[in-house]
Amino acid sequence: MLPLTSHLDLHISKAIQTLFGLENQKIELQPTRKEFKGSHTLVTFGLAKQTCQSPDQTALKIGEYLKNENLIQDFEVVKGFLNLTLPNNIWQGAFLEALQNLNFGNNPKKNEKILVEYCSPNTNKPIHLGHLRNIFLGWSLCQILDADGYDVTKCILVNDRGIHICKSMLAYQKYGNDETPQSSKLKGDHLIGKYYVMFSNLHKDYLKKQVEEGKLSQEDAEKPNATSPILQEAQIMLQKWEQGDKETLALWQKMNDWVLDGFKETYKNIGVGFDKWYFESNTYILGKEIVEEGVKNGIFYKKDDNSVWIDLTSEKLDHKLVQRGDGTSVYITQDMGTADLKYQDFQMKKSVYVVGNEQDYHFKVLFAIFKKFNRAYAEGSYHLSYGMVELPSGKMKSREGKVVDADDMVAEMINIAKEKTAESGKLENLKKLGETELNHIDNMIGLGAIKYFLLKVDAKKTMLFNPEESLEFDGDASPYIQYNHARIKTILRRAESENIGFEVKDFQNYLDWHNTEHELLQLLLQFPNVIAEASKTYSPYIVAQFCYEIAKMYSKFFFDCSIFKAHNEEARAFRLALSALTGNILKKAMLLLGIDVPEMM
RNA sequence: UGCUAAGUAGCAUAAUGGAUAAUGCAAAAGUUUCCGAAGCUUUAUAUAGCGGUUCGAUUCCGCUCUUAGCAACCA
């Protein structure tokens, strides 16, 4: 994560070779803790074993060597740690480079295709907070991979067929009275969601009644395979759908269009998009072809009831059904088809699936199947598994209506942002911008708050969302970072209006930096490494953390180092240039999270 | 019962095997001479338990405990 490491690595290697005659030693460099002097720390414990000298001795010798060669300005040995201080002109060189490189942070093109599927909504209910974590993670990941030099394709897989879809269709067919999004004034996805919940209730009510009448035990009613007349009807509907029944297909098409319109509206509102849309209603047929292929070449086997299975016990997994006895396909069948289609379309080397950790087992099985079939994409397939978003009352269950709706959530956050803006008493200044621009800012702040809240946590961890306490606007939160960007822009506007220049020539002789100036610069120069790290580990939270650190460090810098009242013009110019770089990096880094930052707020 | 994750202060989150375990919220005190204080500076509390590997373990290994998910012809 350290800047200028390649610069040091080389010299340290040479020092070790010269001093101890050791080659190809692992150089363990880490950032120096801030309570010590220096920027880079060499850990010498491992090395000390090779040199047969104490860690302190080893560190001391290397330090002296580097200093004699004028490669460092100073060093300090503390308990086996060699803390190095580089001369400021080296830092300045890196600073100027970053300042002049408009793409600073981006890593070189890798010429490698990567496909990321980061949204797979069911067309039977609106999206909720959990889906938002999925979507924001995926979008951010795509931005990060792109900045790291990959050739990224963002895709969505719409789960638009299957028994669950038939459930809402059936409820609508029975009780919908031809209601439409227009007539009900509901967004399409919310309208369909209503019928999905209705189906669920009808099914549950039936079971409850059976139990009350003593026809069914409580235990059996709670089993997942407990059936009801309406569920059987839905199953029949699914068969009709797969057989291409005209009436069923027409209803399906109509309802799907409503839902998709609703989804598209939401995606637009939250600022995400896709390069390629896949629909399971298209890909499941391909899946069935693979099933046939697998049966032929012996990877799959058929049971007496005609259902098709794969034996994965050799992979320490179980037997898994890939096609039902009645010939209809299951989830995994569709995924096999979709994977083939993706490869046909893009020939990507890597393929990432951003899907919740409840499906960890599913993806193990799926990838094992890819390998059995020797698919070209088998090796590069990766499941980016994220933890569930829990409410204080427990897990969200869409079937029980126990969810935080995404659209409501976003709208509410934007409203809170509006109130905060009004409270801050700065409305007068902002009003000059006009209503549209003001709304735009509130949008950035409200949306940013949710995105940051969901992204700052390591994806694999289950996270808790407490609606009572709402989302944060203070401290480690997006508005704080956005605010720092806005204040930087305000400072730069002032410099411009007062004709204060901060070109390289205006500060190149200023090297007597304040400690905080140095720390801020060090932090900023980590940007490319941060992107590489976040990309390598598929971890947007690393970028989120980086944004926050910059904002915090800039606040400290602003407090410690007066800009317009700097002790001389060179210092002032340097600080303005440093502010400009901070602003640029903040903006870019936040965009990697899918968060836009305002020019003023 | 098996498999997989995860257990860090009142709460929410950090820490390539490294130095005194970091940050935010909530709590206490102070702070507005450059930008718009959504700020800045202080103050308290924590690695679930027991072993092992190591110069050194929050991190790796084993066992125990707790929680969640999976083990469905749900997705």
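Labels below follow one simple rule: chain letters A, B, ... track the order of the sequence lines, proteins then strands, and each chain is numbered from 1. Being a predicted model, the structure only gives us computed values, none of them experimental.
Residues A:Asp335 and A:Leu157 meet the side-chain proximity criterion, which asks for heavy atoms closer than 4.5 Å. Counting heavy atoms from C-beta outward, A:Leu317 and A:Lys364 have side chains that approach closer than 4.5 Å. For the pair A:Ser579 and A:Phe502, the minimum side-chain heavy-atom distance is 4.5 Å or more. For the pair A:Val322/A:Met336, a side-chain contact is recorded, criterion being any heavy-atom separation below 4.5 Å from C-beta on.
Within 4.0 Å of A:Asp305, counting heavy atoms only, lies at least one base atom of the nucleic acid. Within the nucleic acid shown, A:Arg494 comes within 4.0 Å of sugar-phosphate atoms alone, with no base atom in reach, counting heavy atoms only. At the heavy-atom level, A:Asp458 lies under 4.0 Å from the strands shown only through sugar-phosphate atoms.
By the criterion of a centre-to-centre distance under 5.5 Å and near-parallel planes under 30°, the ring of A:Phe36 forms a stack with the base of B:rA19. Ring-base stacking between A:Phe45 and B:rG18 is satisfied, the centre separation being under 5.5 Å and the plane angle under 30°. Both thresholds, 5.5 Å between centres and 30° between ring planes, are not jointly met by A:Tyr361 relative to the base of B:rA71, so the two rings are not stacked.
The distance from atom CD1 of A:Ile563 to atom P of B:rU33 is 16 Å, rounded to the nearest whole Å. Atom NE2 of A:His362 is separated from atom P of B:rC74 by 14 Å (rounded to the nearest Å). In this structure, the CD1 atom of A:Ile491 is 4 Å from the C1' atom of B:rC35, given to the nearest Å. In this structure, CG of A:Asn159 is placed 11 Å from C1' of B:rC74, rounded to the nearest angstrom. A straight line from CG of A:Asn122 to C1' of B:rA75 spans 6 Å, rounded to a whole angstrom. Rounded to whole Å, atom C1' of B:rC74 lies 10 Å from atom CD of A:Glu358. When the C1' atom of B:rA38 is taken as reference, atom NZ of A:Lys420 falls 6 Å away, rounded to whole Å.
The base of B:rC25 has none of its N or O atoms less than 3.5 Å from a complementary donor or acceptor on the side chain of A:Asp476.
Across B:rG24 and B:rC61, the matching C1' atoms stand 34 Å from one another, rounded to whole Å.
For A:Leu464, taking side-chain heavy atoms from C-beta onward, the closest of the listed nucleotides B:rA12, B:rG18, B:rA38 is B:rA12. When distances are taken from the side chain of A:Asn83 to each of B:rA19, B:rU13, B:rU33, the shortest belongs to B:rA19.
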Close N or O pairs between protein and nucleotides 1-7 of chain B (under 3.5 Å):
from, atom 1, to, atom 2, distance (Å)
B:rG7, OP1, A:Lys461, NZ, 3.4

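A cation-pi arrangement, defined by a distance under 6.0 Å to the six-membered ring centre and an angle within 45 degrees of its axis, is present between A:Lys303 and A:Trp309.
Atom CD of A:Gln239 has more than 12 neighbouring heavy atoms from other residues, nucleotides or ligands inside a 6.0 Å radius. The local environment of CD in A:Gln50 is crowded, with over 12 non-hydrogen atoms from other residues, nucleotides or ligands closer than 6.0 Å.
Here A:Lys79 reaches the OP1 or OP2 of B:rU20: one of its side-chain N or O atoms lies under 4.0 Å away.
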Would you mind writing out the side-chain donor-acceptor pairs for residues 561-568 of chain A within the sub-3.5 Å range, not counting sequence neighbours?
from, atom 1, to, atom 2, distance (Å)
A:Ser562, OG, A:Lys565, N, 3.4
A:Asn568, OD1, A:Glu570, N, 3.0
A:Asn568, OD1, A:Ala571, N, 2.7

- Base-pair string, RNA chain B, Watson-Crick plus G-U, cut-off 3.5 Å on both distances, | for inter-strand, is (((((((..((((....[...)))).(((((.......)))))....(((((..]....))))))))))))....
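Ion pairing of A:Lys460 with A:Asp458 is present here, as a side-chain N (NZ or NE/NH1/NH2) and a carboxylate O approach within less than 4.0 Å. No salt bridge links A:Glu519 with A:Lys34; every basic N to acidic carboxylate O contact stays at or beyond 4.0 Å.
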